[in-house]
Structures are given as structure tokens and as C-alpha cells.
Amino acid sequence: MSLPEKYKKPYESKDVESVVYKRELNSGLFNPDMLVQKFPKKYADSKTWTSITPPPNANGRLHAGHALDVTLKDIIGRYKRMQGLQVLLLPGSDHAGFETQVVYEKKLEKEGRSRFGMDRAELYKEIYDFTHVNKETVTSEIKRIGASYDWSRDTFTLDAKVVSGVQKTFIKMHEDGLIYRGKRDCNWCSKHQTSLSDVETDKKEVVTTFYTFKLGDFNIATSRPETKITDKYVVVHPDDNRYTSYKHGDTFEAEWVLGKSTFTVIKDDSIDPEFGTGAMTITPWHSGIDFAIAKKHGLDMVQLIDDYGKFTDVAGELKGLKATTVGRAKVVEILSEKGLLVDKDENYKTIVPVCYKCETLIEPQLKDQWFVKMESLAEIALQASQDGKLNFISDQYRKTFEHWMKNPIDWNISRQIVWGISIPAWFKNKGTDTEEFYIGNTAPKGNEWIKDEDTFDTWFSSGQWPIATLGFTDSDDFNRFYPTQLMETGRDLIFKWVPRMVIFGLYLAREVPFKDIYLHGMALDSKGQKMSKSKGNVMSPIDLADEFGMDALRMALIVGNAPGNDIPVSNEKVKAYKKFVNKLWNIARFVLENTNEEDDNFDTTIDNIHVENFKKVKYEITKNLDNYQLHLASEELYQYVWHEYADVVIEEIKKDLSSENKKVLRYLFKQILIVTHPFMPFVTEEIWSDFADVSKDNLLLVQDWE
RNA sequence: GCGCGAUUAGCUCAGUUGGUAGAGCAACUCAUUUACACUGAGAAGGUCGGGGGUUCAAGUCCCUCAUCGCGCACCA
């Protein structure tokens, strides 16, 4: 046959990629229903193989890490599909409640606006529109990577079916006694005006001053004097013999910030006698630990600092001062003037919690919030892991998972933001002593009930993602595809996301949502630094693909990246695989120039050393794909294609282009296309079209692996 | 403080039940228009962080130390 013109010049990825993706997409074969319909012989009786894709936040462009995520899943998915399984890679996107709201607030800030004071519905509408524009960008970028996702099942976390299902889950959990509302210490961000879960806070080391003040017969040490204004309990360890003259419950009068006041001595063994002076006063409203002590002994709690970080009425003349800055200075000044400052250490290092988005100091606040009781849920998740129902591809993450499940903390699922799924709860006399609540989709009778304005923590909905995307537990898709086979996502989601999906899966469906858990590492820049917008080192997979081709980028992300390890991405590495793609292109040219369809009837029963060698390589590649060792599989492939097939097989055969040799050449090359396809779908599918009639869905996408 | 990783060629990293150290990139020598210069052939480069142990045999298993990274929790 005559050589198609395109092979007379180097491979042009840009010309090919969009054409190939459209060809594959339009075949409908990314949809498992179409696989069965179009190729019943191969797929009608086969099992399903499903992976729910992590929903990327619909609030921006993709970075190289997303490309790694998509590539890994797509390679496995394409491989399983060629093996004859009904593959479903289910895409979606996440409204990413707090994350998106933060991004949008920054936009508002730039425009000189603020969400505070905006009409709730209006704000929601604006963020919705913003998100939808971004969602389209994200979707088109994922398609560029070559994702063989079933877009007909694309799901958004704010789709009506997801919203109602998530709300139903909340109602069910309440009925099962797993939800409670209560005043409890919360992580409060005074900038964003919302509470956050523990995984949404970061730790920051600060150097501050550690003060010791005299309080009656006690010396009290603190790094946060401003919280001490209204303290009235002194806590010491029961066995501390320095304080034996006071018994638990004894009271004494002493001079303090706002004048003379009465203090009560509390003995509690959670105090470390070695730390500071072994005595402390407690501020239950603004400290989790203090709250625990106060709750245990039934002590009074007062709010000293308001939601904006300023002193409340109880601070008397200090009311309205910003607590952590002028407030602190003022308190130190007052106590010093009274001669109560005993000591100060100005080089005290401590770690404080900050908002993971804005680094504002988290001020613990007692708030009425919705909490999920985690203990029993964590226990079943731990059990599932210990029973071997979860297969962590790199076992280090099992330990992390189980550690977390052994130390569950009740989960605050209320957020004081509009961008999210509304909590189906209603209040009567909210904020008063006679407050009542009702949980349900519609308000009870009577017009005194008002809707809860809070929304769910975004992880409350994404935790249900494997079930929600399949239409919840009573749908056909659920029965057909649940439990899924693979959860592949970033290692940073081991806390935020993975355990919650396991828990919800076990709770709602009584089965783990997936068996294999592949946690990939982070994509780093060429210097090994984490990519971030502020550092300006974010690499766009689209830009890299424009320069080197998407197949090259996919290979560069996979080769040498052992599961769970971070991977530096450099232009040099992508460039190296661009050469590999071109090599394949030129091999195709050679094979097409020297063989034709008549050479297709190779008898595979004939002994041939080249065929034997290939079989061994294919066996290894298959084994490594089955074990999710993609870094090994891809490297073997590279070595074989370049240094065996091109350097040895072609070189040998071109000296003797016998009919027999041509058949071997052609047969092996078609096999190579099959094995290479999951890794480099674009160039292989394009070359395939010169070896087969692709007009009737005879795509490389659905060729038999075996 | 607790936990988890990492330490292998100049650089970036592989090395799957213990069996004579691998790749890509870079650098070096040669080939000079070949299916492919986005090329081919070849050579060079590592006492596998230090120390100890188990074993016939250790990059691999155990102990210990050092350095780096990450996670969790911090204490007023």
C-alpha cells in the first residue's frame, strides 16, 4: 500500500489529538452500555469494572497533578476495557463548598465587594454561574488528557438527585442517632465567618511571649493572656503536692484583670504538673481542652471573644478590643500595673491552628452545630480494613487510615456559608433557651419554624460520591456497578476523603465502596517543589501537551513514579517521551512501507524467537498492570519498543524482507499498538487507523488485549 | 512529642517473596542521511547515608545512629 503522506514528517500531536478523541468519544464506547450493545460477543457476559473519578473542584484550571490522576485512571480503565470488562469511569465535579467560596470571595475582594451584606440567593446564583463556567474549562481539559470517561453519566454535586440523596442521608443518620446538635468547641475562622472541621485547619509555628502571672497563691502561665480576663477556675493535678492546701472545689478571692474576683480550684488529672507552673486557669468557650475539663466538672462557660475576634460585653471596659492584638497588650499592661506579672519568656515557640485557606488564627468558639458521631462509624471502617476488604496499593497508607479510624473525632458538618447543600433542618425560637429543632425536608406545621441557613461541609456530600454518582442505593446503576473496583486519588485525600467514602459506603450500602485504593503522590516542579499559585510554579498539562504532546506527558508522569511517591515534572522528561512517541511514529512508517494487509495472516503457532520475546514482555506488562505497578509496565514497554523491536527486530528483518518476516513484523507491531494504547492513546489510535478499518467502531480502544 | 516515608550513577528516579546493581536525562567516543538526527553503535560512571546483626548469600530482612521530607497531636 502507499504510505500515507502524514508519515513523511515527524509526528504532529496537535493535529491528531482532538481528531482521535472525537473519534473515540463519538463511538460511544466510553459508555459501558454501548460496549454491550455494539460488541455483545465480547462484553455482554462480562463483569463490570468501575472507578469513580475524584471530582476536581469546579473552580479553576487543572495542574500537572490532575493530569497524573486522570492518566493513571485512564490507563487502567483502557486496559480493563481491552481485556473485555464493562468499564465505567464515572466523571463528576464538586461544588467544593468552602474552597470555591474562598476563591469567589477573593474575586469579590478584587472588585471591591464583599459577601457579607449580599443577598444569600444572589450570592449563590453568582457562585453558581462562576462554577459552571469553570466546570466547562475543567471538563474540556480532562478530555484533552484523553480520559475515556463516560460523560453521559457526568455528575455534579449540586445536581438535584445528589442534593436530595445527601439530605436523605442526613435525615437517616439523625433517625439512627448518629447526628447531634450541640454547643461544642469548633474551629472558627473570623475572616471567613464559618466553622471548619479539624482537617480544614493547618498548624503554624509562632514565636510568642509566655507570661506567668500571680493569681492568689497560684502562679498561672499562659501564652494567651487575653483569654484570661473572665477565667474563674484554677486547675491543678490532684497529685501535685505543691497545692495540697486547696481541695477540689475550694474557693478564694484574688485580684485579677477586672478587679477582685472569686476563683474555684478544680483538680483534674489532664493537667501536666511538669508544664509551666502546673496550674492553669481555663477558658472553656475558647479552648477545646478547657472545654473538655469544664464539661467533665459541670463548670460555667462564657463567651469572651465574639465571632469577629473582639471582646464581648463580659470584658467590661475592654469590650470591643481586638483580642489577639490590642486586647492582649492591654491585659498584660493591667496585670503588670497591679504587680501580678511574675515572669515572661519572649522566645516561646508554640504551634497554633490557622485557617488552611487564609492562615487566620483559629479562635475556638462554642457553637451550636451539627455533629456526626464518629465512633461507631469509624469502628466498622476499621474492621473492614482489618478484614482485608481494602487493598491499599502502597501499604504505608493502611497504617495512616487505621490510625485515623482508631482515633475518631466527632465531625462538625455545619458551615456558615451559602455555597453548598442546604441542611434540611428547621428551628423554633432559635438562639434562645427554648430552642427546638426539627429535621426533615419540609417544615412542621406552624409558621414559627425557620429554615437552618447553614450548609453541609463539602466532604459530607463528596464522602457519599461513589453512591451518589450511581444514583443512590435503589437505582439500576447502583446494583450494576457497586461496589466499585478502584479508588485512585491523591495521597493528600487520605484524611479528607477516603475514610469518609468508606464510612458512608458501609453505612448506606453495607459494603465498602471500592476494593483497591491507589493513592498517588503529588506532581512537583522540576526542582522538587510543590506546585502552588503563590510560588508561580504551577505547570499546566495543557501547555505541556501543546509543546510536547499529551501522549508524551502521560508517559512522563507514569514512568519511574512508584505508587504513592511524589514525582517531579520537568520539560526535559516530557521531551524525552516526545521522542519516544515519534519513534513509534517512524516504526509505523517502516512497517507500513514494507508490509500490507496481505501480511496480516500470521500463524501464531509458528515458533519465532521475536514472537516469543514479545510474549514474555507482554506477560510482564500485564502482570504489572494487574498489580497497579504502572511505572514498571510503562518502562518495560519503552524498553521493548525502542531497544528490542526497533533496534533488533526491525534491523534484523530489514536485511531479509521475506514473506514470513513481513508477517512477523506486522503482527508484532499490531500487538505493540494494543499494549501501548492505554499509555499513549492518541498516537496509537491514529496509527491503528492505517492498519484497520475504523469506520465501523473497530477502534484500538476495544481491541482484545489477549 | 507520636507516627510515616526517604537516603542507590553528575541530576531525576526504578529495583515486586534475599541470589553477580538498572533506566531516562546530562557528559564522553564513533557512525553521517538511515524507517527514524526527535537517529544508530559503543564505552564510562555507584564500597546502594554510617555502624552493627541474621544468612551460604543483604540495596532488599532486623537493630541503631545521622540527615532530609511529610503527616498527626500539641500544653495552658
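Atom set for the values below is all heavy atoms of this structure, side chains included, hydrogens, waters and symmetry mates excluded. For clarity, every value in this text was computed on a predicted model and none was experimentally measured. Every chain is numbered from 1 and lettered A, B, ... according to where its sequence line falls, protein lines coming before strand lines.
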Parallel, tilted or perpendicular: which fits the ring planes of [X] and [Y], with parallel below 30° and perpendicular above 60°?
X	Y	answer
A:F252	A:F263	parallel
A:W256	A:F213	perpendicular
A:Y638	A:Y577	perpendicular
A:Y645	A:Y640	tilted

Quiz item: Tell me, do A:I687 and A:L673 make a side-chain contact under 4.5 Å, heavy atoms counted?
Solution: yes
Give me the distance, rounded to whole Å, that separates [N] from [M] when you measure between the [atom1] atoms they each carry.
N	M	atom1	answer
B:U60	B:U55	P	16 Å
B:G18	B:C11	P	30 Å
B:U29	B:C62	P	46 Å

What does [X] touch in the nucleic acid at a heavy-atom separation under 4.0 angstrom: a base, only the sugar-phosphate, or nothing?
X	value
A:E651	base
A:T281	sugar-phosphate
A:Y348	sugar-phosphate
A:T400	nothing
A:I220	nothing

Quiz item: How do A:T201 and A:P10 order along RNA chain B: which one's closest nucleotide is nearer the 5' end?
Solution: A:P10
Practice problem: Using the closest heavy atom to pick a nucleotide of RNA chain B for each, name whichever of A:E205 or A:Y11 lands nearer the 5' end. | Solution: A:Y11
Rounded to whole Å, how long is the line connecting atom [atom1] of [X] with atom [atom2] of [N]?
X	N	atom1	atom2	value
A:E572	B:C25	CD	P	11 Å
A:E636	B:A23	CD	P	14 Å
A:D202	B:C70	CG	P	12 Å
A:D566	B:G69	CG	C1'	9 Å
A:F213	B:A76	CZ	C1'	13 Å
A:I409	B:G71	CD1	P	16 Å
A:Y211	B:A76	OH	P	14 Å
A:H403	B:G71	NE2	P	15 Å

Quiz item: Donor-acceptor pair, A:R184 side chain versus A:F291 backbone, under 3.5 Å?
Solution: no
Quiz item: Counting N and O atoms only, with roles assigned by atom type, does the side chain of A:N594 sit under 3.5 Å from a partner on the main chain of A:F590, one being a donor and the other an acceptor?
Solution: yes
Answer yes or no: does a side-chain N or O of [X] lie under 4.0 Å from OP1 or OP2 of [N]?
X	N	value
A:K654	B:A35	yes
A:K575	B:C38	no
A:S223	B:A76	yes
A:H643	B:G24	yes
A:T350	B:A76	yes

Practice problem: Would you kindly check whether a donor in the side chain of A:K573 faces an acceptor in the base of B:C25, or vice versa, at under 3.5 angstrom? | Solution: no
Both distances below 3.5 Å, Watson-Crick or wobble geometry, any strand: find the nucleotide opposite [N].
N	result
B:A21	none
B:A35	none
B:U7	B:A66

